[in-house]
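The structure appears below as structure tokens.
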Number of protein chains: 2
Amino acid sequence: MRAESPSSPAAAAGAPATLSPVVAGLVQDILAGAGPRQRRAMAKAITLLESTRNDHRVQADALLTELLPRTGASFRLGISGVPGVGKSTFIETLGLSLIEQGHRVAVLAIDPSSSVSGGSILGDKTRMERLSMDERAYIRPSPSSGTLGGVAEKTREAMLVCEAAGFDVVIVETVGVGQSETAVAGMTDMYCLLQLPNAGDDLQAIKKGVMELADLVMINKADLDDAAATRAQAQITSSLRLYGMHRRTAPEVAAAAWQPRVMRLSALKGQGLAEFWSAVTEFRTVQDRNGGLAHKRRQQARTWMWERIQAGLQQQFMSAPAVRQVMDETLAQVLEGRLAASTAARRLLARFSGDNTDA
Amino acid sequence: MRAESPSSPAAAAGAPATLSPVVAGLVQDILAGAGPRQRRAMAKAITLLESTRNDHRVQADALLTELLPRTGASFRLGISGVPGVGKSTFIETLGLSLIEQGHRVAVLAIDPSSSVSGGSILGDKTRMERLSMDERAYIRPSPSSGTLGGVAEKTREAMLVCEAAGFDVVIVETVGVGQSETAVAGMTDMYCLLQLPNAGDDLQAIKKGVMELADLVMINKADLDDAAATRAQAQITSSLRLYGMHRRTAPEVAAAAWQPRVMRLSALKGQGLAEFWSAVTEFRTVQDRNGGLAHKRRQQARTWMWERIQAGLQQQFMSAPAVRQVMDETLAQVLEGRLAASTAARRLLARFSGDNTDA
């Protein structure tokens, strides 16, 4: 890893890397415009990004750097909700309506369970059948290996490929499991949560941390039980008001900050979709005007970089022979109360830096 | 740092380090029992722990390792609340009552503002005047430099010194600012939050994340406005019930888990203190019996070790010349959208490991 690392000062300072013919071809096809050739290049590019081989990673970084100036023009929409809430139906109906209006829609997914099951929430080919057959849409299942951080990174990168290819709405979907909602909210412009009408009756179904992230909550299947939907709307609105007080907002944005809303819809019947998209458009307009969107994206990029650095440092640390050699024994001593945790940390850190010096 | 690091395999495997005469003397005096000699040794030991000099740190680690087998027998009580809620009065009244019952009480503090102001919430000598003059109590102001993580680490270590010296109740106090409440909850057995009676009227005054941590909420100054205190108690009880559903509890502890409570008291008049201590005792008994306390402490030690490792890795990373050389430029490129965050992270990480190899 050390020998092949693309870490010359020139590369780090942003000088253009020499593109391999393969990467140059992919870039050309992705930027060339809609068509079967573009779709194939997108699929190949994303597969390259998902590869764990070091030589692929070098190519993938060169590809990303080439595409980057052409990214950022889409609206990035995060959607999550528990299984059964109707995410697929909602996204398909929304997507079909958007492409009719002239948009190009990409749908990506983060499925934290895919690395365990080998499956994926979007792997099922029968899902979103109509949308997936339309060439104005691009659907890509969740990367299926690695930690949540790793899976999220691949999805972020895939999002950049879709943007460079001219998709102007990118939907990132996740199931309400683990911390994947935080990851999705951390890479999108607007984060929307789908809820069932009975959510208000069962507060346990609402994961508090997730509710806090939501810019918009949609009560789906609202037509099935009008009374329940009304109760849910009232209860969620009141929670959002409570949580909203604690939302962190950049000072310069606070003045015109968006107030999270609760809407009702029926994805199956197509009811409420126009109102949903109009709220999204309003959100985007407000955030565009006050600079909130640009600010949020810069913050996300910074956070993303630090997350990856931390993950990488931890990996270097855990794989350093001098650390591995004593890790189990040291942790055991800490848990048995024979070594202070801070002393243990200092010893391991000293071994880590020492190991790197000796190697 | 590399040359002096105490990272020989023997040390990491827990073999006793050779104690310097100074450290050996401190250990002897701390373990010798209550008295002026012990107090002086405690003060010197904690000052040694707080030192940033590398040679002091080596001695401090040796000291901690010596004391560790004599620690852990105290009950660790975290107390926080906003300025003006009456923390000092509460802790002094509680402390005086506990020493009358035969306890020895140590009071430590984490003041995240002390590194900025140079002051400390416990630095004011007129605070807790009666308690501080009693030799059965030991009061130490907040460490006054470094990051919150660093300040918290010193306080954790000072707690171990107090325990080794035979103090059987250690109170860690923090003002409701920043993330210090999380730090205190992460190093104590039970975390208590002091609230004003009007807190129920002003939900904004209740920091949600903090409320979630609380094992017990005490409405202080309840005598001043009985109606407000009653409202606050009802409102906070209902919030705790909501948050309680989301509390993470180890499976083996869940069955007999503690239900957070809300109590009323008047620290100034000494009302409700007996009930408070009886709730603390009940908490401790329940958690002792079901193994929750031991489990919590092991978790805390593990988390503490990883926190310190992460902080240390970040420090090594940020101070590596090869990283420093390109960091500003790289971050600027990321923020301007010229370099993908993940690509930037990989380049910097490669420079970091490469730098350590070359050094």
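Residue numbers begin at 1 in each chain, while the letters A, B, ... track the order of the sequences.
A:Arg297 CZ: more than 12 foreign heavy atoms inside a 6.0 Å radius. Annotation: A:Gln315, atom CD; neighbour count of heavy atoms from other residues, nucleotides and ligands within 6.0 Å does not exceed 12.
At a 4.5 Å heavy-atom cutoff, the contact between B:Ile309 and chain A is made by backbone and side-chain atoms alike. Of the atoms belonging to A:Gln314, heavy atoms from both backbone and side chain fall under 4.5 Å from chain B. Heavy atoms closer than 4.5 Å to chain A are found in the side chain of B:Leu64, but not in its backbone. Interface remark: A:Arg57 contributes side-chain atoms only to the contact with chain B (heavy atom separation under 4.5 Å). Both the backbone and the side chain of A:Leu313 come within contact range of chain B, judged by heavy atoms closer than 4.5 Å.
Under 4.0 Å is where a charged nitrogen must lie from a carboxylate oxygen, and between A:Glu157 and B:Arg346 at least one such pair does.
The heavy-atom pair separating B:Ala341 from A:Ala301 by the smallest distance is CB-O, 3.4 Å.
Put simply, the side chain of A:Gln316 gets close to the backbone of B:Leu349: a donor and an acceptor are under 3.5 Å apart.
The candidate with the highest count of non-hydrogen atom pairs below 4.5 Å against chain A, out of B:Ala340, B:Gly312, B:Ser342, is B:Ser342. The most heavy-atom pairs under 4.5 Å with chain A, out of B:Thr71, B:Leu331, B:Leu335, come from B:Leu335.
Using a 4.5 Å heavy-atom cutoff, the side chains of A:Leu348 and B:Met305 are in contact.
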